[in-house]
Protein chains: 2
Amino acid sequence: MADAADTGAAAAPSFPVPTLPAPPVGVVGLGQLGGSLAAALAAAGRPVAGWDVDPAARDAAAARGVVITRELSGVVVLAVPLPAMATALDDLTVAPDATVTDLGSVKRPVFDVLGRTLGGRFVGGHPMCGTERSGYAAVDPGLFTGARWALCLEPDTDLTRWLRVAEVALAVGAEVVPVTTAEHDDAVAAISSVPHLLAAALATAAGRAGPLALSLAAGSFRDGTRVIRSDPAFVTAMVEGNAGPTADALARVQQQLARPWPELVADGHAVATRPQTRRTVRVPLDRIALLALGRAGGAVTRRLAAFVEGWVPEAA
Amino acid sequence: MADAADTGAAAAPSFPVPTLPAPPVGVVGLGQLGGSLAAALAAAGRPVAGWDVDPAARDAAAARGVVITRELSGVVVLAVPLPAMATALDDLTVAPDATVTDLGSVKRPVFDVLGRTLGGRFVGGHPMCGTERSGYAAVDPGLFTGARWALCLEPDTDLTRWLRVAEVALAVGAEVVPVTTAEHDDAVAAISSVPHLLAAALATAAGRAGPLALSLAAGSFRDGTRVIRSDPAFVTAMVEGNAGPTADALARVQQQLARPWPELVADGHAVATRPQTRRTVRVPLDRIALLALGRAGGAVTRRLAAFVEGWVPEAA
């Protein structure tokens, strides 16, 4: 955390300054994630437009105050499944100076497609929330409250545009974690892709063990398999779109499984129950400093004029 | 399900007949499981006695209507950690005709110790509930409602005593799954021991991946690691006390992990989301018929005079 300045109290004005309106937000895809984001922004009184190929999803969003239109500007958020990212903007009109971000669970393939066409106008993002439910019926304006929202800072990312997207995430209650695309994909392999694969393997193995085992299945099994109730197409796109890091992370879990069980159980318990305390920090508006905050396990919670405010975990 | 008679309506009297009082229950160990069982029975107006080496656990149980005593009779329930099973009755006075059962998460080691000394008076049991919390502060009289309660039927198990223990489980809202000791331990390896080991491996691997990964950890990771928040001594006793079946079940999960991911994800999703419907059945009071009910994924929900009533899962 050498780059995160711990300045203590400071009297910087909060941003955006009240006289500058927040940029409009346009959401493409109004399912669980996109619909929840649009609904949360609309509920906060912010101008939010949106589009979905499904008329029912459009109607549901309109009922929550989202302006349904194919013309989007400001911060344009792609909230579509990974395989649809490349073509999500095809039938829409996007303002030439709009900043484009996405909510996809893997960042490298999205960056390869959209970073190439949009250049510095694209900022990859991934809010770490959502449930095993999906679609507009699962919309919840409180979905992002307290969630981490990874936001990619590549060497050529325009910091002003990054801050604009970060401000949208902060506005719906998320905490922004600055990451590189590669760091994001490695982390997500370990904490999301592999848990989904383990859950699938647990379920199929128990299924083969027969009806007795499944009928005895209680809390530990339900907890361990819950995530594989998610849409299989979503899970497959996530693991296949991040195959290398996922294979590496799975191999590391299998190495752990080869350890003596009492040792493994004690260490796993220690990680899972580690107390989490936080220390408030202020970080300059600088890519290196922001990435250092993310690597330390911290997050941005507030944008101020010349820096951001956030926190880092502290040893208990 | 050849042995489970599906008799449809029948006009048998319910058991126990009101003029016969339910046998008293004595609970040894008044932590989360034992304390919850004693509290649930006391709340139902049944005579329940109990003992715990910890005075605070005794006081908490007494406040819920449990008679604190070292003299136990009727159905005596050992609700102590696995390593303490062999000596749990050492300082207590147990009526010579008492039926002894236990709530341990592995059945072979308990049967080897208590079956040897108590013979047909011992009936091994395992309610599939409990949370990652433990101790008398985690007591919940509703803990067993709707839970499966495995109850071992070995070739020399006294069926009358088995039914007496089953009746205690039914009285607190559980559904009784008749199993052999070996079947129980195989099933528990697949649905409980392995999930605990996977959770531990997931947590330790993510812990080694560093603060960024842990700070991004969201729902799938929390679900996948929740069970390893349990007391490590409990988890270690469970996996080490059932080492053979656990190693076999873990190997089967690892075989699943070697399958192509899209296939694995689709199959895992199918198992985890399989609709569960039930068909009511009546089963004669016969070891073979009862075990067939358990193997079919069914459970006993009611004791009637000449048979038990229960259910089996039905293909959707």
Side-chain angles (χ1 to χ4, degrees), chain A residues 128-129 131 148 150 177 183 187 190-192 194-207 209 211-221 223-229 232 235-236 239-240 252-253 256-257 261-262 264-269 271-273 294-297 299 313, chain B residues 128-129 131 148 150 177 183 187 190-192 194-207 209 211-221 223-229 232 235-236 239-240 252-253 256-257 261-262 264-269 271-273 294-297 299 313:
Chain A
M128 309 302 296
C129 54
T131 66
R148 304 290 188 284
V177 179
E183 282 171 344
I191 56 141
S192 184
V194 169
H196 280 85
L197 292 175
L198 294 182
L202 199 51
T204 54
L212 171 61
L214 286 179
S215 90
L216 289 181
S220 53
F221 182 79
D223 282 347
T225 57
R226 182 170 297 117
V227 296
I228 200 62
R229 298 176 67 94
V235 178
T236 296
V239 296
E240 297 274 283
R252 285 192 291 269
V253 167
Q256 293 296 312
L257 287 169
W261 292 341
L264 174 63
V265 165
D267 284 3
H269 181 262
V271 173
T273 59
R295 274 172 213 137
Chain B
M128 309 301 295
C129 54
T131 66
R148 306 288 188 284
V177 179
E183 283 171 343
I191 56 141
S192 183
V194 169
H196 279 85
L197 291 175
L198 294 182
L202 199 52
T204 53
L212 171 61
L214 287 179
S215 89
L216 289 181
S220 54
F221 183 78
D223 282 348
T225 56
R226 183 170 297 118
V227 295
I228 202 60
R229 297 176 67 93
V235 178
T236 296
V239 297
E240 296 275 284
R252 286 192 291 270
V253 167
Q256 294 295 313
L257 287 170
W261 292 342
L264 174 63
V265 165
D267 285 3
H269 181 261
V271 173
T273 59
R295 274 172 213 137

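What you see is a predicted model, and the numbers here were worked out from it, not measured in a lab. Just so you know, these numbers use all the heavy atoms, side chains as well, and skip hydrogens, waters and symmetry mates. Chain letters run A, B, ... following the sequence lines, proteins first, then strands; residues in each count from 1.
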Would you mind telling me which of [options] has the largest number of heavy-atom pairs within less than 4.5 Å of chain A?
options	answer
B/Val239, B/Leu214, B/Val194, B/Leu197	B/Leu197
B/Ala190, B/Ala187, B/Ala209, B/Pro195	B/Pro195
B/Thr273, B/Asp267, B/Leu216	B/Leu216

Portion of A/Val265 that has a non-hydrogen atom of chain B nearer than 4.5 angstrom: both

Go through the atoms of A/His196 and report whether side chain, backbone, both or neither lie under 4.5 Å from a heavy atom of chain B. side chain

Stepwise side-chain contact (heavy atoms from CB on, under 4.5 Å) check, A/Met128 with A/Ile191: CA-CA 10 Å; A/Met128 309 302 296; A/Ile191 56 141; 3.7 Å; yes

Portion of B/Val177 that has a non-hydrogen atom of chain A nearer than 4.5 angstrom: side chain

When A/Ala299, A/Pro232, A/Ala266, A/Gly207 are compared by non-hydrogen pairs under 4.5 Å with chain B, the top option: A/Pro232

Name the option with the most non-hydrogen atom pairs under 4.5 Å to chain B; the candidates are A/Val253, A/Ile228, A/Thr236, A/Thr225. A/Ile228

Is there a side-chain contact between A/Val235 and B/His269 (heavy atoms, below 4.5 Å)? no

Is the shortest side-chain heavy-atom distance between B/Leu198 and A/Leu257 below 4.5 Å? yes

Is the backbone of A/Ala217 close enough, under 3.5 Å, to the side chain of B/Arg148 for a donor and an acceptor to pair up by distance? no

Can you give me the closest heavy-atom contact between B/Ala203 and A/Gly268, atom names plus distance? CB-O, 3.7 Å

What are the two closest heavy atoms between B/Ala199 and B/Val227, and how far apart are they? CB-CG2, 3.7 Å

